[in-house]
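These numbers come from the heavy atoms of this one structure, side chains and all, not from hydrogens, waters or symmetry mates.
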Amino acid sequence: MTLMQRIEFWGERHHPAWMDVIRIALGLFLIAKGIQFINNYNVLMDLMPKWMSFSSFMMILVGHYIVGAHILGGVLITLGLLTRAACLMQIPILLGAVFFAGQSGNVLHPFSNLLTAIVVLLLLVYFLVASNGPWSLDAIHAGEEEKKR
């Protein structure tokens with residue numbers, strides 16, 4: 001059994017049902033952030049530091065990736081479909097958010113961007129390992145497959 005298979009096995013066996021409520025809330029939060037980024041796209045572009053050597057096309061491409069990954073990944077995480085893949089889509093974005101939010105200097109404010117980014121990143125890593133739980137469409141589909149056998 002490879003390391004990845006052991007991690008998946010452990011995650012599937014040690015996933016409490018109450019964590020599904022947190023998974024659903026995380027997915028809804030990501031969808032809301034994606035919609036917020038759509039409504040304030042210029043602010044999203046301004047958040048990208050000027051010292052990065054991105055062309056304007058690359059910045060637009062990164063901005064669209066952030067919005068699309070938040071909305072699509074949020075929907076997948078909320079429904080419990082392809083949870084690990086959705087978390088993998090989000091982790092690079094949140095790593096960038098942790099790095100860039102830490103430079104803004106508002107760490108001590110309540111609900112600062114850095115604190116929010118760290119909590120969301122930790123939850124994404126948890127669900128990457130533990131995957132979805134019993135309240136997910138993947139679990140429902142797997143249960144139907146077992147009944148057919």
State, to 0.1 Å, how close Gly34 and Val67 come at their nearest heavy-atom pair, and which atoms those are. O-CG1, 4.0 Å
Taking side chain as C-beta onward, heavy atoms only, is Thr83 less than 4.5 Å from Leu76? no
Ile35 CD1 to Asn40 CG distance, which is reported to the nearest 0.5 Å: 12.0 Å
Tyr65 meets the ring pair (Phe, Tyr, Trp, His ring centres under 6.0 Å) criterion, sequence neighbours left out, with none
Min side-chain heavy-atom separation Ile38-Ile71 under 4.5 Å: yes
Could you pull out all residues at least two apart from Leu123 that satisfy side-chain contact (heavy atoms from CB on, under 4.5 Å)? Ile22, Leu26, Val119, Phe127
When every non-hydrogen atom of Ile93 is compared with those of Ala69, the smallest separation belongs to CD1-CB, 3.6 Å
Just jot down the side-chain contact (heavy atoms from CB on, under 4.5 Å) partners of Ile91, sequence neighbours excluded, or say none. Leu95, Leu121, Leu124, Val125, Leu128
Keeping to residues at least two apart or across chains, list the side chain to side chain donor-acceptor pair (under 3.5 Å) pairs with something in residues 66-75. His70-Gln90
Closest heavy-atom contact between Gly73 and Ala86? O-CB, 3.8 Å
Hey, what do you get for CG (Leu72) to CG (Leu30), rounding to the nearest 0.5 Å? 11.0 Å
Nearest heavy atoms of Ile77 and Cys87, plus distance in Å: CD1-SG, 4.2 Å
Expected output: side-chain Tyr41 to main-chain Ile60 donor-acceptor under 3.5 Å: yes
Quick check: closest heavy atoms across Thr78 and Arg23, and the distance to 0.1 Å? O-NH1, 3.2 Å
